[in-house]
A.B. asks: 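Dumping the structure here so I can ask a few things about it.
Each ligand, and each atom within it, is numbered from 1 in the order the structure gives. Quick caveat: nothing in here was measured; it's all calculated off a predicted structure.
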Amino acid sequence: MSNHLEALFSAADAAPASSRIPEFIEQREYLIDGKLLTWQGELNPVRSPVCVKTDKGFEQKIIGSTPLLTSQESLAALDAAVRAYDLGRGVWPTLRVAERIEHVERFIARMQEQRQLVVNLLMWEIGKTQKDAEKEFDRTRDYIVDTLTALKELDRNSAKFVQEQGIMGQVRRVPLGVALCMGPYNYPLNETFSTLFPALLMGNTAVFKPAKFGVLLIRPLLEAFRDSFPPGVINIIYGRGRETVGALMESGKVDVFAFIGTNQGASELKKMHPKPHRLKAVLGLDAKNPAIILEDADLENAVNECVTGTLSFNGQRCTALKVLLVQKKLLEPFLEKFIAAVGKLKPGLPWEPGVSLTPLPEPTKTAYLKGLVEDALRHGAKVLNPHGGEVLGSFFFPAIVSPVSEKMRLFYEEQFGPVIPIVPFEQDEEAIRYVVNSPFGQQLSIFGKDSKRIARLIDACANQVGRINLNTQCQRGPDSFPFSGRKDSAEGTLSVSDALRVFSIRTLVTTKTTAENKAIVHNILTQRESAFLTTDYIF
Ligand code: G3H
């Protein structure tokens with residue numbers, strides 16, 4: 001296997017021209033108050049998951065660097081956002097919805113021009129396959145377009161008056177203030193933009209800090225951000241989280257905290273805010289989604305769904321299946337087919353046709369995964385598949401580990417990588433206990449045919465997780481569906497339309513329905529004197 005993988009990395013220089021990126025991208029720019037500033041201080045090297053052979057073995061290729069800003073610059077970015085919001089009186093928060101939409105439409109057109117480079121950077125920076133990188137870009141653009149449609153719909157529904165008990169009123173959604181948006185490295189474009197754009201569209205101003213990997217891919221969009229929005233509405237900073245983001249939270253000037261990452265990181269940052277009651281949090285956090293595979297499951301379907309569920313993007317999805325609970329009667333045939341299917345997956349570099357398994361971006365990840373497997377082996381489990389757990393540089397060949405029990409770290413820890421724990425069970429109650437006792441509650445999958453038994457499992461788990469998938473892997477999409485989680489897995493619900501609600505609050509203007517009041521309201525509406533109180537209908 002090692003020889004095979006060695007050949008894999010030697011193809012690093014053979015990337016087709018269409019998948020290449022500039023030899024070294026030294027980024028010094030960051031965006032504050034509508035200006036692209038140039039950083040003269042320390043830079044952070046960007047290591048690709050793609051390795052090169054050196055005297056010391058395989059090492060992650062350095063493809064560029066990004067600014068390591070300090071708290072001073074991040075506070076300057078925050079001040080720009082605070083000024084642009086201007087206690088809700090700034091140009092952006094008071095702009096008519098139709099005009100905000102125009103700004104975002106301008107951005108979408110500019111974003112589309114950068115598709116190729118952003119897709120290539122997704123491959124080089126985080127090791128996403130070309131197909132998935134293209135999907136991430138297109139899905140993100142579609143998400144923003146769908147958000148515009150949802151906002152028009154929301155605005156149309158607000159373009160009316162309600163009358164109740166002699167009082168008439170108009171209810172609209174208005175912004176919350178300054179948002180801090182931070183996304184994860186596995187979806188550095190999609191997950192960050194799916195909070196950033198709803199936040200902006202609702203009239204909030206924002207400070208956006210890219211994820212720890214997948215940072216350079218925001219660079220091609222900086223000019224588009226600068227040119228599409230009024231100064232200060234969107235500010236983009238780079239650097240170490242603790243120093244830059246910690247200072248923002250401690251300032252007490254962040255009103256909305258949109259964060260996709262670990263629950264521990266989210267808690268630490270939330271605690272830094274001096275007035276927690278003034279901070280609204282929108283969080284997507286850890287998960288350990290189980291698949292419960294019953295003995296009457298359609299074997300082929302269960303295997304296919306579990307292969308993509310556990311291993312698409314090498315298991316680095318918050319929604320990935322992270323533990324397979326398999327009924328003992330099906331264990332043998334399931335494992336036989338599952339091992340064969342995993343064996344067919346092609347390891348390679350992201351741009352290679354048909355590739356599914358790619359190297360991992362986190363420098364310490366292979367060692368961490370190895371540690372998890374070793375711990376399971378020490379406690380009596382085995383690696384079942386040929387080459388399972390073999391490592392070369394940043395590449396980790398998927399390991400199917402069984403039988404996994406409560407004694408092992410793999411039973412509890414979110415591996416976020418290509419290790420697949422198999423937990424055999426006899427009684428359904430054991431599977432239910434796993435779900436109920438888990439500190440996480442994002443999603444689960446059930447594979448089976450007996451409707452009565454499935455219904456019992458659904459009822460037992462419905463108060464535990466945010467989504468139950470029947471005979472299908474766990475996933476976030478379609479993006480119009482609510483994406484939420486219980487316990488340590490999330491705070492708030494996201495979807496195209498829910499996100500607009502999350503980043504806003506309802507405000508209403510009401511009056512007693514007297515002739516005089518009606519005349520005032522009538523004047524405001526017909527002479528279009530207010531941006532808030534209006535019955536204008538956006539087409
Ligand atoms: O990492 C979490 C993503 O939101 C998962 O999205 O289920 O579409 O891969 P996905």
A.B. asks: Could you check whether Glu491 pairs with Lys280 (Lys NZ or Arg NE/NH1/NH2 to Asp/Glu carboxylate O, under 4.0 Å)?
C.D. replies: no
A.B. asks: Does Lys288 pair with Glu414 as a salt bridge, N-O distance under 4.0 Å?
C.D. replies: no
A.B. asks: Starting from atom 5 (C) of ligand 1, find the nearest protein heavy-atom neighbour and note its residue, name and distance.
C.D. replies: Thr319 OG1, 3.2 Å
A.B. asks: Does an N or O anywhere in Cys318 fall below 3.5 Å from an N or O of ligand 1?
C.D. replies: yes
A.B. asks: Can you name the ring-ring contact (aromatic ring centres under 6.0 Å, His included) partners of Phe225, sequence neighbours left out?
C.D. replies: Phe107, Phe193
A.B. asks: When you measure from atom 9 (O) of ligand 1 to every protein heavy atom, which one gives the shortest distance, and what is it?
C.D. replies: Tyr187 OH, 2.4 Å
A.B. asks: Report the part of Phe313 (side chain from C-beta onward, or backbone N, CA, C, O) that has a heavy atom under 4.0 Å from ligand 1; answer both or neither where that applies.
C.D. replies: neither
A.B. asks: When you look at NZ of Lys487, are more than 12 heavy atoms from neighbouring residues, nucleotides or ligands closer to it than 6.0 Å?
C.D. replies: yes
A.B. asks: Any salt bridge between Arg47 and Glu125, counting N to O under 4.0 Å?
C.D. replies: no
A.B. asks: Relative to Phe416, does Lys365 satisfy both conditions: NZ or CZ under 6.0 angstrom from the six-membered ring centre, and within 45 degrees of the ring's axis?
C.D. replies: no
A.B. asks: Heavy atom to atom 8 (O) of ligand 1, shortest distance: which of Arg317, Arg139, Gln475 holds it?
C.D. replies: Arg139
A.B. asks: Show me which atoms of ligand 1 lie under 4.0 Å from any heavy atom of Asn186.
C.D. replies: 1 (O)
A.B. asks: How far is atom 6 (O) of ligand 1 from its nearest protein heavy atom, and which residue and atom name does that atom have?
C.D. replies: Arg476 CB, 3.4 Å
A.B. asks: How far is atom 3 (C) of ligand 1 from its nearest protein heavy atom, and which residue and atom is that?
C.D. replies: Glu191 OE2, 2.7 Å
A.B. asks: Is ligand 1 under 4.0 Å from a heavy atom in the side chain of Ile260, in the backbone, in both, or in neither?
C.D. replies: neither
